[in-house]
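So the structure is just underneath, and the comments pick up after that.
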Amino acid sequence: MRYSLLFGLLLLAAIQLNAQKEGRLALQVKDTQTVISRHIYGHFSEHLGRCIYDGFWVDPGMNLPKKDRIRLDVVEALKKIRIPNLRWPGGCFADEYHWRDGIGPRKDRPKMINTHWGGVTEDNSFGTHEFLELCALLGAEPYIAGNVGSGTVEEMSKWVEYLNADGDTPMTRQRKENGRSQPWRVSFWGVGNESWGCGGNMTPEYYAGEYRRYATFARNYPGAPLKKVAGGANAADYNWTEVLMKTIPRRMMWGLSLHYYTIPTGKWDRKGSATQFDENEYFNTMKNCLFMDELVTRHAAIMDKYDPEKRVALVVDEWGIWTDVEPGTNPGFLYQQNSLRDALIAATTLNIFNNHADRVRMANLAQTVNVLQSLILTRGAEMLLTPTYHVFDMYQQHMDARRVPLQITAPDYVNGMQKIPAVNASASLDARGRLFITLVNIDPASDITLRAELPGAAYKKLSGKLLGSAAFTDINTFENKTKIVPVVFKGAQIKAHDLVVKLPRHSVVSLLLE
């Protein structure tokens with residue numbers, strides 16, 4: 001009797017354990033009216049640490065392919081993932097940057113101190129013309145952050161004129177003297193940055209008035225209608241969004257920004273290591289990452305109250321994981337390594353943006369090269385692609401495709417007394433009717449099998465990619481640049497009208513069904 005009872009309990013436990021490893025994915029393929037804007041997959045390059053200097057812009061004597069001083073291996077890597085836009089010159093740096101210091105002969109450009117990032121000397125050798133040449137090489141749209149904190153309305157107005165006006169004006173004549181005859185026609189403009197903090201420590205009421213003034217004099221020129229982005233909230237400051245949406249006419253802003261960083265410990269004074277962390281800190285990091293969904297949902301709800309037609313985009317133009325800097329590096333340069341954990345954060349966050357594509361229409365990962373959650377790290381003439389880079393590569397198919405709403409019923413990832421969803425996903429249909437699904441399993445111990453009914457058209461072909469590694473602390477290094485790279489995924493199959501996917505532990509999977 002005791003044996004039978006014990007066997008029964010063990011069997012029940014086994015059944016429950018097995019049930020915890022299975023879930024369902026429901027795809028609403030008939031509701032595909034929302035487009036996932038390619039601009040969600042944008043990036044950010046600030047005059048900070050080695051992002052611009054020694055990242056994009058190198059010493060003239062460095063022995064590698066370059067155009068002027070723009071290193072072309074970095075350019076080619078970013079072109080491969082079809083980077084849609086690039087935000088510049090900041091960040092906090094934007095509100096101490098005076099654009100006229102960065103034009104004309106480089107030998108004549110004045111130097112300045114970068115007071116925000118390390119107190120280093122900025123020689124202004126990388127300025128407006130150099131940035132727009134970089135964007136042209138990348139095939140990316142420029143997204144310029146104007147100086148509201150220490151600048152003037154006239155300064156920003158003249159910058160727009162210098163870039164976008166045609167005809168005969170003092171600004172266009174100066175542009176032509178500096179070697180550019182035709183206007184660039186830059187559309188995306190941020191009106192200040194983090195005006196609640198480093199951009200001026202303003203109240204939302206004060207900034208709303210400043211925004212209206214600056215936006216009034218940032219003119220549209222022929223062929224160059226501006227998409228103006230108001231400086232929005234810091235994380236969960238919902239009052240900031242409320243005040244701006246109530247105060248700024250919708251016709252005056254294309255978008256409203258939101259900034260949120262995933263901090264492993266949740267503490268700014270000790271954020272946590274990029275490479276040395278245990279499962280408790282890993283769990284806390286993923287929990288903080290998933291908070292992005294609540295932030296976007298609640299800010300979007302406020303925007304819906306004033307803008308039910310969803311004409312104003314939510315622009316998450318700073319996001320990513322922020323850890324302590326690598327030991328021995330300049331604290332002001334924000335150089336951190338990039339682990340499998342960071343790839344899971346990137347994939348999860350992009351899934352969140354895709355699922356909110358009706359409101360989120362632009363985003364910018366911070367930052368592109370050598371700073372924070374970088375796509376690329378450089379060491380002299382060497383370059384490596386981080387796990388985060390490979391996520392953007394795997395997710396390309398979503399860009400400008402039609403969102404497929406979905407629901408997930410799956411087990412939680414449990415750590416002690418806490419739990420969070422173990423699986424997240426997003427899906428889209430392209431113009432050819434191909435179904436693309438990206439899935440993340442953040443559970444570091446369990447594979448999870450998902451089943452999804454495939455209604456409508458029968459899919460005959462299935463291909464997939466997998467990004468994973470043995471440990472969530474694994475990284476790519478200059479000694480082993482390919483430790484974490486996408487591989488062919490064979491853990492999915494079509495059975496009758498069902499898709500069955502076995503998601504490996506702590507992994508990212510992309511599937512294309514044709």
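In this text, all values refer to a predicted model and were calculated from it rather than measured experimentally. Excluded from the calculations below are hydrogen atoms, water molecules and symmetry mates; all remaining heavy atoms, backbone and side chain alike, are included.
- No more than 12 heavy atoms of other residues, nucleotides or ligands lie within 6.0 Å of OH in Y206, so this atom counts as exposed by the packing criterion.
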Using the side-chain hydrogen bond (donor to acceptor under 3.5 Å, both in side chains) rule, take D293 and H356 through it: C-alpha gap first, then chi angles, then the decisive distance, then the call. CA-CA 9 Å; D293 188 63; H356 287 278; 2.9 Å; yes
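- Judged by the 6.0 Å distance and 45° axis criteria, R50 is positioned over the aromatic ring of Y335.
- Remark: S45 engages T368 in a side chain to side chain donor-acceptor pair (under 3.5 Å) (not counting sequence neighbours).
- With sequence neighbours left out, K305 forms a side-chain contact (heavy atoms from CB on, under 4.5 Å) with E242.
- For E326, there are no salt bridge (Lys or Arg N to Asp or Glu O under 4.0 Å) partners, not counting sequence neighbours.
- With sequence neighbours excluded, the residues that form a salt bridge (Lys or Arg N to Asp or Glu O under 4.0 Å) with K481 are E382.
- Centroid-to-centroid, the aromatic rings of W268 and W322 come within less than 6.0 Å.
- For R250, the side chain to side chain donor-acceptor pair (under 3.5 Å) test picks out E309, with sequence neighbours left out.
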Would you sort out whether N284 and T265 count as a side-chain hydrogen bond (donor to acceptor under 3.5 Å, both in side chains), showing the intermediate values? CA-CA 7 Å; N284 197 54; T265 64; over 6 Å; no
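- A distance below 6.0 Å separates the ring centres of F93 and H47.
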Expected list for residues 255-262: side-chain donor-acceptor pairs under 3.5 angstrom, two or more places apart:
unit_1 : atom_1 : unit_2 : atom_2 : d
S257   : OG     : A230   : O      : 3.4
S257   : OG     : G232   : N      : 2.6
H259   : ND1    : E194   : OE2    : 2.7
H259   : NE2    : D317   : OD1    : 2.5
Y260   : OH     : N288   : O      : 2.6
Y261   : OH     : E318   : OE1    : 2.5

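- Remark: C135 engages no residue in a disulfide (SG to SG under 2.5 Å) (not counting sequence neighbours).
- A search for salt bridge (Lys or Arg N to Asp or Glu O under 4.0 Å) contacts involving D342 returns nothing, not counting sequence neighbours.
- A centroid separation of less than 6.0 Å is found between the aromatic rings of H43 and F392.
- By the salt bridge (Lys or Arg N to Asp or Glu O under 4.0 Å) test, D31 pairs with no residue at all, sequence neighbours left out.
- Partner I40 forms a side-chain contact (heavy atoms from CB on, under 4.5 Å) with one of V360, T349, D400 and no other, that one being V360.
- Contacts of R403 classified as side chain to side chain donor-acceptor pair (under 3.5 Å), with partners at least two apart in sequence or in another chain: T34.
- Residues W189 and Y143 place their aromatic rings such that the two centres sit no closer than 6.0 Å.
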What do the steps show when you test K227 against E141 for salt bridge (charged side-chain N to carboxylate O under 4.0 Å, His left out), and what is the final call? CA-CA 12 Å; K227 295 176 179 176; E141 288 198 50; 5.5 Å; no
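- Cation-pi contact between R87 and F44: present, with separation from the ring centre below 6.0 Å and deviation from the ring axis of at most 45°.
- A cation-pi arrangement, defined by a distance under 6.0 Å to the six-membered ring centre and an angle within 45 degrees of its axis, is present between R341 and F277.
- Ring pair Y395/Y41 is tilted by interplanar angle, where 30° to 60° counts as tilted.
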What donor-acceptor contacts under 3.5 angstrom involve side-chain atoms of residues 501-510, with partners at least two apart or in another chain?
unit_1 : atom_1 : unit_2 : atom_2 : d
R505   : NH1    : P444   : O      : 3.0
R505   : NH2    : A470   : O      : 3.3
S507   : OG     : P504   : O      : 2.7

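- Taking Y413 as the reference, E279 meet the side chain to side chain donor-acceptor pair (under 3.5 Å) condition, with sequence neighbours excluded.
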